[in-house]
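The structure appears below as structure tokens.
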Amino acid sequence: MIIRKSPAEIEAMKEAGRVSAKVLREVGAQVRPGVSTLELDELAETLIRAEGGIPAFKGYGGFPGSICASVNEQIVHGIPSAGVVLQEGDIISIDTGAIVDGWVGDNAWTYAVGRISPEKKRLLEVTEQCMWAGVDAARPGNRLGDIGHAVQSIAEAAGFGVVREYVGHGIGRDMHEEPNVPNFGRKHTGVRLEPGMVLAIEPMINQGTYKTRQMPDGWLVCTRDGLPSAHFEKTVAITEDGPVVLTCEEGHRRPV
């Protein structure tokens, strides 16, 4: 069942979104060679709690971290570790969630570690474009397939692979609510989008094949061919006036 939110509930979700966005920005600012993903995780938890929030990921399904930290060919669900130290030329996807007053804000961004190759830079640029195209398609009267089609069209035109097994999702008082939000699809197909729906739109785009492999820890997912992957995510409310990005800080709300 899709849980539609009232305008007041959407307004309440903005605080969880603000905290999630602020934490992601501040953690991202610490990305540099020599930093471990565990250090980034510890910083995220400290910042979330300082804002009066609760780390949404920690303990979720048994996940041990406050962030997902996925480096290079790692797509999603990387467990933070003291043994994973960032190197010049890496890229790292950081996924951060915060619970505030019972509402969840969920967002992700992929950062360059120092100077990266032109190929990785293009992957990041295209994946961010995919995310914003998906956000722009989250309008009343459109359908879920319009979001997926918007993402897929840009990614595949650039020669990149769109991950199939892992998708966006509805979000509210629970991290994962209905519906699933694929990053691929056909226009004018799927569930009709209506005001009050809140979605986590999160393209996961691979430089090479879309195929994935699950790692032995049961969490980490990598590209099948070992080429890099990028991941960008926003929590978005569908309103009568169009999409409203909830995971943002005041003054940083991008018009769509």
Side-chain angles (χ1 to χ4, degrees), residues 24 27-28 31-33 35-37 40-41 57 63 65 67-81 83-97 106-135 147-169 176 180-185 200-234 247:
L24 182 59
V27 172
V31 168
R32 62 184 185 278
V35 172
S36 75
T37 57
L40 297 176
D41 181 77
F57 299 168
F63 188 78
I67 64 172
C68 296
S70 307
V71 181
N72 295 329
E73 77 282 1
Q74 299 174 353
I75 302 170
V76 284
H77 304 156
I79 296 174
S81 169
V84 179
V85 178
L86 300 180
Q87 307 293 323
E88 182 86 16
D90 287 344
I91 57 174
I92 177 171
S93 300
I94 299 175
D95 195 346
T96 301
D106 186 9
N107 56 181
W109 207 262
T110 303
Y111 297 93
V113 183
R115 301 183 68 172
I116 60 174
S117 69
E119 293 79 11
K120 285 182 175 177
K121 185 173 185 291
R122 181 167 174 265
L123 176 64
L124 268 57
E125 290 171 347
V126 169
T127 307
E128 184 182 354
Q129 290 172 17
C130 288
M131 180 192 70
W132 288 118
V135 170
I147 296 176
H149 178 80
V151 172
Q152 184 178 16
S153 297
I154 292 173
E156 293 185 348
F160 296 147
V162 180
V163 172
R164 303 300 202 266
E165 295 95 334
Y166 302 89
V167 298
H169 50 90
H176 294 100
N180 285 337
V181 184
N183 295 304
F184 56 93
I201 296 174
E202 52 176 322
M204 286 157 269
I205 307 299
N206 300 343
Q207 186 176 311
T209 179
Y210 67 87
K211 295 181 179 180
T212 68
R213 57 192 177 106
Q214 176 74 60
M215 303 309 287
D217 66 10
W219 286 104
L220 178 62
V221 179
C222 294
T223 59
R224 182 82 62 85
D225 57 13
L227 291 176
S229 182
H231 178 203
F232 288 76
E233 176 185 21
K234 294 287 187 183
T247 43

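- Evaluation of the side-chain hydrogen bond (donor to acceptor under 3.5 Å, both in side chains) rule for Asp41 yields no partner, not counting sequence neighbours.
- Of all non-hydrogen atoms in Val113 and Arg32, the two that sit nearest each other are CG1-C, 3.7 Å.
- Residues satisfying the side chain to side chain contact (heavy atoms under 4.5 Å, CB included) test with Arg122, not counting sequence neighbours, are Val126, Ala158, Phe160.
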Exercise. I would like to know whether Ile154 and Ile205 meet side chain to side chain contact (heavy atoms under 4.5 Å, CB included); could you show each step before the answer?
Key: CA-CA 10 Å; Ile154 292 173; Ile205 307 299; over 6 Å; no
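- With sequence neighbours excluded, no residue satisfies side-chain hydrogen bond (donor to acceptor under 3.5 Å, both in side chains) with Asn107.
- For Ser153 against His149, the heavy-atom pair with the smallest separation is OG-O, 2.7 Å.
- Within the structure, the salt bridge (Lys or Arg N to Asp or Glu O under 4.0 Å) test picks out no pair touching residues 68-77 (sequence neighbours left out).
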Exercise. Verify side chain to side chain contact (heavy atoms under 4.5 Å, CB included) between Leu124 and Ile116, making sure each step is shown before the conclusion.
Key: CA-CA 10 Å; Leu124 268 57; Ile116 60 174; 4.3 Å; yes
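- Interatomic distance, CD of Glu233 versus OG1 of Thr247, reported as 7.5 Å (0.5 Å rounding).
- Summarising the geometry of Trp219 relative to Ile79, their closest heavy-atom pair is CD1-CD1, 3.7 Å, with the distance given to 0.1 Å.
- Partners of Ser229 by side-chain hydrogen bond (donor to acceptor under 3.5 Å, both in side chains), not counting sequence neighbours, listed by chain and number: Asn206.
- The ring-ring contact (aromatic ring centres under 6.0 Å, His included) test applied to Phe184 returns no partner, not counting sequence neighbours.
- Here the side chain of Ser70 pairs a donor or acceptor atom with the backbone of Gly78 at under 3.5 angstrom.
- Atoms OG1 and CG, from Thr212 and Leu220 in turn, are 10.5 Å apart once rounded to the nearest 0.5 Å.
- When all heavy atoms of Pro80 and Gly65 are compared, the pair lying nearest together is CD-CA, 4.2 Å.
- Nearest heavy-atom pair across Val151 and Gly134 is CG2-CA, 4.0 Å.
- Looking at residues two or more places apart in sequence or on another chain, you find a side chain to side chain contact (heavy atoms under 4.5 Å, CB included) between Val76 and Tyr166, Met204, Val221, His231.
- Proximity of a side-chain donor or acceptor of Asp225 to a complementary backbone N or O of Thr209 within less than 3.5 Å is detected.
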Self-check item: Stepwise side chain to side chain contact (heavy atoms under 4.5 Å, CB included) check, Cys68 with Phe63
Solution: CA-CA 9 Å; Cys68 296; Phe63 188 78; 3.8 Å; yes
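- Here the straight-line distance linking atom CD of Glu88 with atom CZ of Arg115 works out to 8.0 Å at 0.5 Å rounding.
- You'll find the side chain of Val27 stays beyond 4.5 Å of the side chain of Thr96, heavy atoms only.
- In this structure, Tyr210 and Gln152 have side chains that are not in contact, with every pair of non-hydrogen atoms separated by 4.5 Å or more.
- Between atom CZ of residue Arg213 and atom CD1 of residue Ile75 there is a gap of 9.5 Å, rounded to the nearest 0.5 Å.
- Residues satisfying the side chain to side chain contact (heavy atoms under 4.5 Å, CB included) test with Asn180, not counting sequence neighbours, are Val167.
- For Ile94 against Leu24, the heavy-atom pair with the smallest separation is O-CD1, 3.4 Å.
- Contacts of Glu156 classified as salt bridge (charged side-chain N to carboxylate O under 4.0 Å, His left out), with partners at least two apart in sequence or in another chain: Arg164.
- Atoms CG and NE2, on Asp95 and His77 in that order, are 7.0 Å from each other to the nearest 0.5 Å.
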Exercise. Walk me through it: do Thr127 and Leu123 pass the test side chain to side chain contact (heavy atoms under 4.5 Å, CB included)?
Key: CA-CA 6 Å; Thr127 307; Leu123 176 64; 3.9 Å; yes
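- For Gln87, there are no side-chain hydrogen bond (donor to acceptor under 3.5 Å, both in side chains) partners, not counting sequence neighbours.
- Here Tyr111 contributes atom OH and Leu40 contributes atom CG; the two are 10.0 Å apart, rounded to the nearest 0.5 Å.
- In this structure, the side chains of Ser36 and Val85 come closer than 4.5 Å at one or more pairs of heavy atoms.
- Panel note: side chain Lys120, backbone Gly89; a donor-acceptor pair is recorded below 3.5 Å.
- Residues meeting the side chain to side chain contact (heavy atoms under 4.5 Å, CB included) test with Glu125, sequence neighbours left out: Lys121.
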